[in-house]
Peer 1: 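Take this structure first; my questions come after.
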Amino acid sequence: MSEVQDKREPELMQKLVSLSKRRGFVYQSSEIYGGLKSAYDYGPMGVELKRNLMSEWWTAMVHSREDVVGIDASIIMHPSVWKASGHLASFSDPLVDCKVCGERFRADKAPKVEAGADAPMEFADKGKAKDAHEKLAKLAPDVAFTREGKSVMGAKAGDRGYVCPLCGSPFMSEERQFNLMFRSSLGPVDPMGAAAEMIQRTLAEQGADALKANLRKILDEAVQSSAVYLRPETAQAMFVNFLNVQQSMSMKVPFGIAQMGKSFRNEVTVEHFIFRSCEFEQMEMEYFVPPGEGPKWLEYWRNQRLEWWKKMGLSAERLRLRAHEKDELAHYSDGTYDVEYDFPWGWDELEGVASRTNYDLNAHATASKKKLEYFDPEADDPATGKKGWRYMPHVVEPAAGATRGVLAVLCDAYAEEAADAEGKGERTVLRLHPRLAPIKVGILPLVKKEGMPEVARRIADEFFRAGVTAKYDEQHAIGRRYARHDEIGTPYCLTVDGDTAADDTVTIRYRDDRRQERIKVAEALDVVKKALADA
RNA sequence: GCGGGAAUAACUCAGUUGGUAGAGUGCAACCUUCCCAAGGUUGAAGUCGCGGGUUCGAGUCCCGUUUCCCGCUCCA
């Protein structure tokens with residue numbers, strides 16, 4: 001069986017979840033209270049893995065380049081940021097689902113029809129009309145519907161005063177407020193107190209009917225005055241800090257601002273373990289370029305990012321770039337590529353590399369009335385042909401999911417090896433990139449006597465002092481200890497044996513092929529450091 | 001949001017027509033062991049997801065609920 005087929009096993013996710021818990025990578029949040037939906041905690045191994053991945057990103061995107069600098073912005077930002085970016089509007093409009101054709105739409109944008117008026121329905125073809133007719137018979141058994149070609153007649157508009165924009169049906173779900181952003185309130189005063197007060201006052205001054213009619217509005221107003229939102233993406237902090245960063249660091253376009261951190265979205269559906277959760281971690285970079293250079297940099301960054309994921313050890317054949325179709329593009333983008341990974345459930349997004357034009361800077365410039373522009377004294381202004389060009393940069397954004405990255409890395413690293421002809425060597429191994437591995441070195445006395453533990457502990461101390469994650473381990477037989485380290489992805493094990501006392505050497509054992517070499521104790525730290533650097 | 005399945009020890013699971021809670025692995029201690037989950041002895045560990053109900057008695061039957069998985073739908 002090939003490895004590819006191994007990983008296609010439907011149980012892979014279950015095995016990963018089980019291993020994650022058993023070996024301290026990921027636990028369900030608040031497990032002793034029955035768990036919290038879609039919230040996960042990173043255990044001692046998981047936190048190392050995630051930090052290593054994010055640290056590799058930071059190194060590649062910030063430290064190793066002079067055109068990108070980092071920031072670490074507040075998760076809570078001024079509510080106007082989300083108003084300007086469009087998140088507040090699109091995240092809070094009341095949505096309804098048509099019960100006939102399944103279309104989901106904004107109630108305020110739907111065609112208005114007076115209550116009681118005829119509501120003829122029209123479908124794409126006769127077959128769809130027939131399906132709809134059958135569905136309608138169940139939805140409203142006491143109405144006599146008639147079908148004519150692609151149309152179904154007989155329905156009357158209801159009290160809502162609108163019909164489905166797609167098929168014209170008046171049958172739809174309740175209006176639902178989709179709050180995709182997490183709302184909270186800033187300040188120690190409970191906004192519910194203000195709400196209660198306003199309700200009491202309206203009741204006293206205007207009576208019960210007025211209160212009933214305006215209840216929702218009153219509540220909204222009371223909450224809105226102190227409302228703040230947890231960021232649904234880290235990107236906006238980089239747009240609103242564009243001038244701060246550009247001026248304080250004297251950055252010249254093209255340049256980028258990078259940020260890693262948590263974001264929050266009330267996803268409609270959460271799924272696939274840590275893949276899509278309401279609280280997640282992003283690694284985003286906004287790269288500011290002159291107008292017209294978006295396509296060039298989009299191509300540059302999508303290739304850079306694909307290569308980076310490969311460097312992190314993900315199999316090349318499980319990675320691909322996919323261009324967004326025109327109708328798939330977000331409102332702010334004129335071109336987007338997804339870096340996709342072939343997860344156990346199929347291809348899915350790891351990172352989006354989007355050309356965001358000047359949409360965001362423009363939106364914030366308009367809303368804040370600040371000039372979010374860049375002046376290039378060297379370039380010629382294309383409009384006048386004169387030296388000196390002031391413009392609003394365009395942006396190319398590689399936005400990666402750190403949490404998704406961890407899952408991809410785990411999926412790709414997981415392998416089960418069958419026993420050999422002698423029935424030995426069966427194991428589960430995480431073939432993590434050595435720099436991502438939570439523990440770099442296992443330090444093991446072959447047996448727990450003859451001074452071996454003492455020597456091994458001295459070697460371990462040396463690694464601790466050097467800041468290389470190491471684990472001293474004397475429990476159980478040597479084979480089990482190797483197996484345990486294989487399961488958490490430890491790339492190297494140093495074993496003190498009977499020869500160590502005589503010639504100051506230990507064996508170094510490699511995780512992937514179980515190969516062993518003898519090396520000098522004095523050189524062990526350097527050997528491991530070099531292996532990590534070269535990996 | 002809809003439909004289906006599941007939840008018993010840290011993990012994987014068994015538990016018969018309702019009658020005192022089980023195994024393997026792992027974990028801990030000791031012995032043995034000079035290299036790939038070796039062997040032996042001993043031990044700890046479970047309000048059977050949670051809450052109700054039926055019953056003399058519920059892991060088992062019924063209702064509710066939470067969480068996870070699969071499919072659909074939806075979102076970015």
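Everything numeric here is computed off the predicted structure, so don't read it as measured data. The chains referred to below are lettered A, B, ... by the order of the sequence lines, with proteins before strands, and numbering in each begins at 1.
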Peer 1: Side-chain donor or acceptor of Y482(A) under 3.5 Å from a matching atom on the base of C35(B)?
Peer 2: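 A donor-acceptor contact between them is present.
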Peer 1: Measuring only the P atom in each nucleotide, how far is U16(B) from C74(B)? A whole number of Å is fine.
Peer 2: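 It works out to 43 Å between them.
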Peer 1: Could you tell me which residues satisfy ring pair (Phe, Tyr, Trp, His ring centres under 6.0 Å) with F280(A), sequence neighbours excluded, listed by chain and number?
Peer 2: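 Result, ring pair (Phe, Tyr, Trp, His ring centres under 6.0 Å) vs F280(A): none returned.
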Peer 1: Ignoring hydrogens and angles, does a donor from either the side chain of Q28(A) or the base of C68(B) sit under 3.5 Å from an acceptor on the other?
Peer 2: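 Donor-acceptor pair under 3.5 Å: no.
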Peer 1: Which value, in whole Å, describes the distance between the C1' atoms of nucleotides A9(B) and G46(B)?
Peer 2: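 It works out to 5 Å between them.
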Peer 1: Just to be sure I understand the rule, does F273(A) reach a base, reach only the sugar-phosphate, or reach nothing, if contact means heavy atoms closer than 4.0 Å?
Peer 2: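 Result for F273(A) = sugar-phosphate.
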Peer 1: What integer number of Å spans the C1' atoms of C50(B) and C11(B)?
Peer 2: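 C50(B) and C11(B) have their C1' atoms separated by 22 Å.
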Peer 1: Produce the list of close N/O pairs, under 3.5 Å, pairing protein atoms with atoms of nucleotides 37-39 of chain B; give distances to one decimal.
Peer 2:
unit_1, atom_1, unit_2, atom_2, d
A38(B), OP1, R480(A), NE, 2.9
A38(B), OP1, R480(A), NH2, 3.1

Peer 1: Quote, to the nearest angstrom, the P distance that separates G4(B) from C63(B).
Peer 2: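 It comes out at 13 Å once rounded to the nearest Å.
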Peer 1: In a check of side-chain hydrogen bond (donor to acceptor under 3.5 Å, both in side chains) between D473(A) and each of R484(A), R480(A), R481(A), which one passes?
Peer 2: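 Testing each of R484(A), R480(A), R481(A) against D473(A), the sole residue satisfying side-chain hydrogen bond (donor to acceptor under 3.5 Å, both in side chains) is R484(A).
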Peer 1: When you compare G51(B) with G59(B), how far apart are their P atoms, in angstrom units rounded to a whole number?
Peer 2: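 Comparing P positions in G51(B) and G59(B) gives a spacing of 13 Å.
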Peer 1: How do E349(A) and L446(A) order along RNA chain B: which one's closest nucleotide is nearer the 5' end?
Peer 2: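 Nearer the 5' end of the strand: L446(A).
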Peer 1: Evaluate the salt bridge (Lys or Arg N to Asp or Glu O under 4.0 Å) criterion for residues D497(A) and R518(A): first the C-alpha distance (whole Å), next the side-chain angles of each, then the deciding distance (0.1 Å), finally the verdict.
Peer 2: CA-CA 11 Å; D497(A) 59 20; R518(A) 283 208 87 81; 3.0 Å; yes
Peer 1: Does Q516(A) get its side chain close enough to the base of C35(B), under 3.5 Å, for a donor-acceptor pair?
Peer 2: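 Yes, a donor-acceptor pair under 3.5 Å.
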Peer 1: Would you mind telling me which residue lines up with the more 5' stretch of RNA chain B, V447(A) or Y40(A), judged by nearest nucleotide?
Peer 2: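 Upstream on the strand: V447(A).
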Peer 1: Which part of the nucleic acid does S18(A) contact within heavy-atom distance under 4.0 Å: base, sugar-phosphate only, or nothing?
Peer 2: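 Counting heavy atoms under 4.0 Å across all strands, the contact made by S18(A) is with sugar-phosphate only.
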Peer 1: Specify whether W301(A) and Y287(A) have parallel, tilted or perpendicular ring planes, treating 30° as the upper limit for parallel and 60° as the lower limit for perpendicular.
Peer 2: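 Because their plane-to-plane angle is over 60°, the rings of W301(A) and Y287(A) count as perpendicular.
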Peer 1: Could you measure between the two C1' atoms, the one in C48(B) and the one in U41(B), and give it in whole Å?
Peer 2: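 Comparing C1' positions in C48(B) and U41(B) gives a spacing of 31 Å.
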Peer 1: Table please: side-chain donor-acceptor pairs of residues 29-39 of chain A below 3.5 Å, with sequence neighbours left out.
Peer 2:
unit_1, atom_1, unit_2, atom_2, d
E31(A), OE2, K21(A), NZ, 2.9
S38(A), OG, C278(A), N, 3.2

Peer 1: Check ring pair (Phe, Tyr, Trp, His ring centres under 6.0 Å) between Y359(A) and all other residues, then give those that pass, not counting sequence neighbours.
Peer 2: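 Residues passing ring pair (Phe, Tyr, Trp, His ring centres under 6.0 Å) with Y359(A): H331(A).
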Peer 1: Listed by chain and number, what are the side chain to side chain contact (heavy atoms under 4.5 Å, CB included) partners of I76(A), not counting sequence neighbours?
Peer 2: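 In terms of side chain to side chain contact (heavy atoms under 4.5 Å, CB included), with neighbours along the sequence ignored, I76(A) is linked to S74(A), V228(A), L230(A).
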Peer 1: Over 60° means perpendicular and under 30° means parallel, so classify the ring planes of Y300(A) and W297(A), tilted if in between.
Peer 2: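 Answer is perpendicular, since the angle exceeds 60°.
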Peer 1: Using the P atom on both, measure A21(B) against U60(B) and round to a whole Å.
Peer 2: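 Result for the P pair: 13 Å, nearest Å.
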Peer 1: Between C13(B) and U54(B), how far apart are the P atoms? Round to whole Å, please.
Peer 2: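 About 34 Å, rounded to a whole number of Å.
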Peer 1: As a check on the pairing definition, encode RNA chain B in dot-bracket form, counting Watson-Crick and G-U wobble pairs whose two distances are under 3.5 Å, and using | for partners outside this strand.
Peer 2: (((((((..((((.....[..)))).(((((.......))))).....(((((..]....))))))))))))....
